[in-house]
Structures are given as C-alpha cells and as structure tokens.
Amino acid sequence: MVTSGADVTLPLAAVCLHYGQAIFEGLKGFEHPDGTVHVFRPRDNAGRFRRSALKLAMEPVPEELFLEGVFLAVRNNRRFVPECGAGGSLYIRPVEIGVSAELGLKPSREYLFAVFVVPVGSYFAGRGVPVRLLVREDLDRAAPQGIGDVKAAANYAASLRGTVDAKARGYTEVLYTDARTKRFLDESGASNLFAVRGATLITPASPSILPGITRLCVQQLARDMGLLVEDRPVSVDELPSFDEVGLSGTAAGIIPVHSITYREEEIVFGDRAAAPITTRLSAMLTAIQRGEAADAYGWCEAVPGT
Ligand code: PLP
C-alpha cells in the first residue's frame, strides 16, 4: 500500500520508540541542464539501508522497492527541486521503523518504510565559515563491534550531546577517535574525514565509521586526479603533517576543514584558498551531480517521469 502525508500514528509500545529499531538514509536529487532530475548513487544507499536493517534485526527493504519509494517521492515533489544552477538540491530521506507494539525485547513484526524530501542549500549554514573540529576523547559515538557502520538512529542520539556542546563552544562538530584506543581518527558526527599529504589522499579506515558514499566518490575522484589513495587507520599523531583535511558527506558535500583541536591545541590547516585538492574534488563532484561533467561511473540515475 502506498500512502502519503507527513505524519504517522504509532502505538506507544512501538518497538522503534523503546528498542530503537529505526534506520534511515540520506541522498540527493539534482536538476540537470536538460530539466530532468537525477538522484545520486541511490543503489549504494539501497545497499547500505539493507545492511542497516540486517544489523538491527529489521526486515530489509528490497532494492527495487527502495528505488521506487525514492523515485516516487521525487516525482511527486518535482516542483520543489531547486532549479539547475541555483546551487541547491532535493534532500531525500528514506526511513524504516519497527512499528509493532511489543513490551518484551524482540524485533518488531511489522515495519514502516517511508520517504520524504526537503529542498536544501548546504548543510553547514553559511559556507565560507571555517570548519573547526574538536576531538573529544571522553565521548564515543560508536563501538568497534557495535552499529557505528550503519545508519541507525541510535548513533545520532549518541552523538547529539557532543554536537550541542561543540557548537556552544564555537566549534562546527566533534571529531571522534576510535573507542578502543583513542589513537586513531574515526569521523565527525555526520560526515567522514579525509586528509591530503603531498600527492596522497588518506581516508581513515575503521570498523566504527559509517562507510560514506561521498567518501567513495572522494577516493575515486582523487585517483582520477592522479593521487595515491590510502585507506588505513590514521593516527592522531599524523594530524600536524597533513596539508589539507576535509569532510565528506551527502549533506555536507566535500568541504575543507580549517582546524582540528586536539588536547587543547588547535592544529590549523588553512582556509578554502589553501585547500586546492579539497576544493577541486568538491568542484568535480558537484559538476557530475549537476550534469555539467561527464558521469564516467554512472553515478546519476534519472528519475523516471521527471
Ligand atoms: N558519517 C556519518 C555518521 C553520517 O551520518 C554521514 C552522512 O550520511 C556520513 C558519514 C557520510 O555518508 P554519505 O557520504 O553516504 O552521505
């Protein structure tokens, strides 16, 4: 059954409210110069949505149904897709929750899969404001053998207090280290980290980070630029040696990090002008997403009927 509307009614004993069976995805749709709307790498999101569901003992949504829901939401809201060239996009949020009423601790018997969309500009309000990250060794977002590598609502609940505190202290976000040793960089609250040293682009490998789809793009586009790509654990001790540090994510895009504060010391990487590789990666990605550059890897999928 397909329904529409922004509200859902749930039993107070719904599993998602008590035992946290709630997962989501985030992807974007763009108007191309010919007026059609394309969604960026939706099959990758479908795969991650499936992995999230399995990890939380939920019913996985088949890829075809996921795509149908995404395309339907975009098509029905075609008028809200920002115009090509205006810099915005349509953010698409698929969500799945366990809706059965259960008091005993067990998986839900029924699930709700829904998709809603919102026209957006960029995530970090006022692009151009320097991104300053704060390493918090006293806070963990996710455990190595937990659920940090899937898009479970619980991970965001775990990170909220850190984000609120960081913002209150003038930082953009928290940068998490690995929960076990605190020696290795993980990721930020809602985006992955990468670093550039000379002609090498480095992405922190970790079992507790969300494997970002933008991160995959960063790695591929860096290779296309002729950089060597290393995906490996990255020690906090390496921070001062980086020429550039950047964040990647669907909402954030690819943006340079101005500084990282670690144990009271602010390590400054510079501003946008001093981050030539990050800036170039961002321009390459945006051009592909907006249909202004060749889509060599078939990342853009046309929404039928737009
Ligand atoms: N890490 C976290 C915790 C996120 O919430 C996100 C955003 O979805 C990312 C990384 C980046 O993932 P993606 O590039 O697939 O948007």
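Start at 1 and go down the list; that is how both ligands and their atoms are numbered.
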Consider only side-chain N and O atoms of Gln219 and Thr203, and report whether a donor and an acceptor are under 3.5 Å apart.
yes
Is the shortest side-chain N to carboxylate O distance from Asp149 to Lys55 below 4.0 Å?
yes
Hey, is ligand 1 close enough to Ser188 that some N/O pair sits below 3.5 Å?
no
Which is closest to atom 9 (C) of ligand 1 by heavy-atom distance: Ala190, Ala142, Gly212?
Ala190
Taking atom 16 (O) of ligand 1 as the reference point, the nearest protein heavy atom with its distance
Thr250 OG1, 2.6 Å
salt_bridge(Asp140, Lys182) N-O dist < 4.0 Å:
yes
Is it possible for you to check whether Arg197 lies under 6.0 Å from the centre of the six-membered ring of Phe242, through NZ or CZ, and within 45° of that ring's axis?
no
Regarding atom 11 (C) of ligand 1: of the candidates Ser208, Cys217, Gly249, Gly148, which has the closest heavy atom?
Gly249
For atom 14 (O) of ligand 1, the closest protein heavy atom turns out to be Thr214 OG1, 2.6 Å
For ligand 1, which atoms sit closer than 4.0 Å to a heavy atom of Arg48?
12 (O), 13 (P), 15 (O)
Below 4.0 Å from ligand 1: does a non-hydrogen atom of Arg141 turn up there or not?
yes
Quick check: Ser248 and ligand 1, any N/O pair under 3.5 Å apart?
no
Salt-bridge criterion met for Arg232 and Glu238 (N-O under 4.0 Å)
yes
contact_flag Gly189 ligand 1 heavy-atom lt 4.0 Å
yes
Consider every N or O of Arg215 and every N or O of ligand 1, then say whether any pair is closer than 3.5 Å.
no
for atom 8 (O) of ligand 1, nearest protein heavy atom and its distance come out as Lys151 NZ, 2.7 Å
Can you list the atoms of ligand 1 that are under 4.0 Å from a heavy atom of Tyr156?
2 (C), 3 (C), 4 (C), 5 (O)
My understanding is that only one of Arg93, Arg48, Arg50, Lys151 makes a salt bridge (charged side-chain N to carboxylate O under 4.0 Å, His left out) with Glu25; could you say which?
Arg48
Closest non-hydrogen atom pair, Pro304 against Phe71:
CD-CD1, 3.6 Å
Ion pair Glu31/Arg78, N-O distance below 4.0 Å
yes
Got the closest protein heavy atom to atom 1 (N) of ligand 1, with its distance?
Glu187 OE1, 2.6 Å
Are side-chain N/O atoms of Ser206 and Asp178 paired as donor and acceptor at under 3.5 Å?
no
Looking only at protein heavy atoms, identify the closest one to atom 13 (P) of ligand 1 and say how far it is in Å.
Ile213 N, 3.5 Å
